[in-house]
Amino acid sequence: MTRQILVTSALPYANGPIHLGHLVEYVQTDIFVRFQRLRGHRVVYLCADDTHGAAIMIRAQKEGRTPEQLIADMAVQHQRDFANFGISFDHYGSTNSKANYTVAKGIWANLRRDGLVVERSVERLYDPVQKTFLADRFVIGDCPRCGARDQYGDSCEACGATYAATELKQPRSVHSGATPELRPSSQLFVRLEPLQAELTQWTQHSGALQTEVANYLAGHFLDKPLQDWDVSRPAPYFGFEIPDAPGQYWYVWFDAPIGYIASTAEWCAREGQQLDDWWRNPQCEIVHFLGKDITYFHTLFWPALLSVGGYQRPRRVQIHGFLRVNGEKMSKSKGTFVTAARYLEHLDAEWLRYYYASKLSSKIDDLDFQAEEFVGKVNSDLVGRVVNLASRSARFVEATGLSARYPDDGGLFARAAALGETIAAAYEACDYREATRLVMTLADAANEYVEQKAPWTLKKDPARATELQDVCTVVLNLFHQLLVYLQPVLPQLAARGGALLGSTCDRWQLTATPLVGTRVAKFEHLMTRVEADKVASMFVPEASAPAGVATPAAVAPAVAADTLAKEPLAAEITIDDFTKVDLRIAEVVAAEAVPEAKKLLRLTLSLGGGVTRNVFAGIKGAYEPERLVGRLVVMVANLAPRKMKFGMSEGMVIAAGTDGEVYLLSPDAGAKAGQRLH
RNA sequence: GGCAGGAUAGCUCAGCUGGUUAGAGCGGCGGCUUCAUAAGCCGUAGGUCGCCGGUUCAAGUCCGGCUCCUGCUACCA
C-alpha cells in the first residue's frame, strides 16, 4: 500500500549559520524521507527559515541593515549548506511570507471564534524616550545574579542565569539609553486549558510521541491546568502585526510552526497539489522531526493550534538529542562549534551522513561526535568493507560484464534480500544505527565470500574465466544490494556505484532481483578515505581560526594559488623605509559596531601603561565586537590621525585578506601590549 | 530544588515480558592473505553489568535507598 507522508524538520532560526548540531536533525530527517521515497511512498519534505523575533531585529540593527536583508542573506546561506549535505527538501520557505501570514490569520480567526483569545494587562518595561514597550532583549543592564555588565533582559551570557527584564540592575533601553519604566501593557493570550483533555488524550494515547516525551508532558504540564500562552509582543517587533490588534505582533513561536503549513501551501501552488489533501486528510501521515529543546512548542501549543485551525495533528513527532563533541557541549572557544561550511572545507558531506546514521537511534539520547570513531567508521565500514567489494571485483569483469545467469552463491543473495524487511523496519523506526549495523553484517558476509573464492587466483588460470566471471557477478550483486540499502544515507555513493553497474539504485525492490548480463563500467574510486589530521584541523579553536562563524569569507573557495596574482608584490624598499612604520602589539580593550557604518568597528586599543588609541577598523563583516575584546592585535601606531565621519581614528589595525576577506593577526603567546615589531 | 533519561568489555552501544558459559562493532593481541583505497580473512584476550540492600529456586533484567552524568525546568512557557 502506498502511504502518503508529509515530513518536516524544525525551522532553523535565521539568526545564525547551520552547524553540525543542526545537521543531526536534517540528516536524520533526510534519511527518513529518502527511505520512504525508496520504498515507493508518496512523500513531501518541507522546511523553511524561522525569521521573526527580537533577536533577528537586534542583530540586523547591529549590522546596520534591515531584518529583511539579514534573513534574505541567511536564507541563501542556509539553503546552500543544506544542498551541500544532500538534504532533499521539496520546498524551503520562510516564515516571513505571504503564505505564512495567510495561514496564521486563518488560525487566529478560529481562535477568536472559539473565544480562546483573551486580553490582559501585563506590567512591561517602557522606553519613555522612544515611547515604545521593550521586548526583553531590548533592555540591557547588569545581571542580577553575577553582576556581569550589559546583559540582555532575558538571560545572562556570563553566568547563564535567566530572569525577567524587570530584575536587571541599571537597566536601560537599547534604543535610547533611557531608563525604562514599568507600564501596564495590554497583551493577548491563547487559552489552552479548554483543550487540555484533547491534548492529554493525544500526548498520552495516540502513539505519536516517544514515551519519555509523553511522561515529560504528563508530569510537567498536564498534571495541572494549562496556563494561557502569551502570544503577542508590542511594537517594535519584527514579525506579523496581529490583524485585529494594531501595534501588537504575534510572538515568533506563534507563527514559526505555522511555517510548516505555509511551506506546504507554497509547494502545493507550485506543484498543482491541494493543501487540504496534505493537512486535512486523515490518510496523510504528518511526521515532525525536531530537537528536544523545542519539545513543548510542538507537543502542546502546536497541536492545539492545529486542532483549532481545523488541521490534523501529526501522526508522529520524532525528537532527537543534542550533538556533543568529544563528550562535551559544542564550544566556540574550543573550536568544536563547527559550521556546515567549515566542515565542508575539510571533509566530505557523505562521511558525516554515514557517521550520524551509524550512531542515531530513535531515542532522545545525545549523540557524541568523536574524531577517531568518525575516521574509523568511514574508513573501515565504508571504504574497507563496502566500497572495497567493488574495487576488488569490478576490474575482473570490465571486459566481460556480468554473467548471463545468476550463479549459485550458496544463498548469499537470497539471505541479503530477505534481510531487507528487517533493515526497512529499522529505518522506519529511525533506528539507523541498527539499519547500518545490519547492512554491515551483509558486507562482512560478502567479503568472506571474496576471500573464499579468491578471484585473484582464478584470474591466473584462463580455463577458469567463467568461474571468475560468476564470482564477480555474485560479489557485485551483493554490493548492489548494499548500495540500495544504504541509498537513504549515501545517495551519492549509490549513484556512483549504480553508474558502475548500470543501476539507478532508486527502488528498494531492486534488492530482490540480481543483475545479470549487464555491462560493468571502468572502475573508478567511489569514495576516498578520511585522513585523521583533516578532522583535527576542522576543530582548530576559534582564536587561531580565521574570522568568525559563518562569515561570507568562510564561504569563498580556497584560492591560494592566485592570491599573489591578485595582489602582486610591491616595489623594493630599504630597511630605513621599513623602520619608519611603527608597528605595535595592542590589546583590544573595547569594541563596538558603528551602527551607521556598514563595515566599521570602533576599537579602543591599549598600548600598555594607560595609553589607549581610538581606531576605526573595517572589519565589521568578519568579526563580532564582543569576541575581539581582550585579544592582541597588531597596529600601525605612528599613522597620522584621520578624521572620519564617526570620529578621529588614531592608527590602523593590521589584517590580511583578498577580495574582502579579513584576517586579523595575533602574536604568539607572551607578547605584551606596547611591544614594537622589528 | 523539581522532572525526565542514563550508568553493561579500552570506546560506541544491544540485551523484550527475570532463567543455560552477558553480546555486537570498533580498538588491542596472534596468525593468514596480497585481488583491493596499508583494504580483506581467521583466531584470541578483555566485563564484581555504578554502589548498598531486598524480593525470588533464579536478577544486568523487578522493588527500595544512594552516588555520578546529561538534558529540561525553576513559581515565564
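Lettering of chains follows the sequences in order, A, B, ..., and the numbering in each one begins at 1.
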Strand-adjacent residues in residues 354-363 of chain A, judged by heavy atoms under 4.0 Å from RNA chain B: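 Hits under 4.0 Å, by residue number: K359(A), K363(A).
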Near-strand residues of residues 486-496 of chain A, defined as heavy-atom separation under 4.0 angstrom from RNA chain B: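 Heavy-atom contacts with RNA chain B come from no residue of residues 486-496 of chain A; none.
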Derivation and outcome, ring-ring contact (aromatic ring centres under 6.0 Å, His included), residues Y406(A) and F413(A): CA-CA 10 Å; Y406(A) 190 71; F413(A) 187 90; 5.4 Å; yes
Aromatic plane relationship, W351(A) with F374(A) - under 30° parallel, 30 to 60° tilted, over 60° perpendicular: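 Taking W351(A) first and then F374(A), their aromatic rings stand perpendicular (interplane angle over 60°).
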Residues forming a ring-ring contact (aromatic ring centres under 6.0 Å, His included) with H480(A), sequence neighbours excluded: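 Partners of H480(A) under the ring-ring contact (aromatic ring centres under 6.0 Å, His included) test: none.
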With a 3.5 Å distance limit and no angle check, can you tell me whether [X] reaches the backbone of [Y] through a side-chain donor-acceptor pair?
{"X": "Y485(A)", "Y": "A416(A)", "result": "yes"}
{"X": "T295(A)", "Y": "K292(A)", "result": "yes"}
{"X": "Y355(A)", "Y": "E350(A)", "result": "no"}
{"X": "T95(A)", "Y": "D50(A)", "result": "no"}

Closest to side chain of R433(A), choosing from C42(B), C13(B), U70(B):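 Nearest listed nucleotide: C13(B).
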Within residues 383-393 of chain A or reaching into it, pairs that qualify as salt bridge (charged side-chain N to carboxylate O under 4.0 Å, His left out) - sequence neighbours excluded: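 Residue pairs with at least one partner in residues 383-393 of chain A: D381(A)-R385(A), R385(A)-D444(A), R392(A)-E451(A).
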Pairs touching residues 465-475 of chain A that satisfy salt bridge (charged side-chain N to carboxylate O under 4.0 Å, His left out), sequence neighbours left out: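 For residues 465-475 of chain A: R464(A)-E467(A).
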Watson-Crick or G-U stems of RNA chain B, 3 or more pairs, under 3.5 Å, by first number: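 Stem segments, range with range: B:1-7 with B:67-73, B:10-13 with B:23-26, B:28-32 with B:40-44, B:50-54 with B:62-66.
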Sugar-phosphate, base or nothing in reach of Y216(A), heavy atoms under 4.0 Å: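 Sugar-phosphate, backbone atoms only, no base.
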Touch class at under 4.0 angstrom, heavy-atom based, for Q452(A) against every strand present: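 Here Q452(A) touches no strand at all.
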Letter per nucleotide, 5' to 3', of nucleotides 24-30 of chain B [B base touched, S only sugar-phosphate touched, - untouched; heavy atoms, 4.0 Å]: SSS----
Nucleotide-resolved protein contact map, nucleotides 32-37 of chain B, B/S/- at heavy-atom distance under 4.0 Å: --SBBB
Of all residues at least two apart in sequence or in a different chain, which pass the side chain to side chain contact (heavy atoms under 4.5 Å, CB included) check with [X]?
{"X": "R172(A)", "answer": "I140(A), D150(A)"}
{"X": "A349(A)", "answer": "F85(A), L344(A)"}
{"X": "P488(A)", "answer": "I31(A), R34(A), F35(A), L38(A), Y427(A)"}
{"X": "A454(A)", "answer": "W456(A), T457(A)"}

Between W253(A) and W229(A), ring centroids under 6.0 Å: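 They do not qualify: ring centres at least 6.0 Å apart.
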Of L367(A) and F221(A), the one whose closest RNA chain B nucleotide lies more 5':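 Its nearest nucleotide being more 5', the pick is L367(A).
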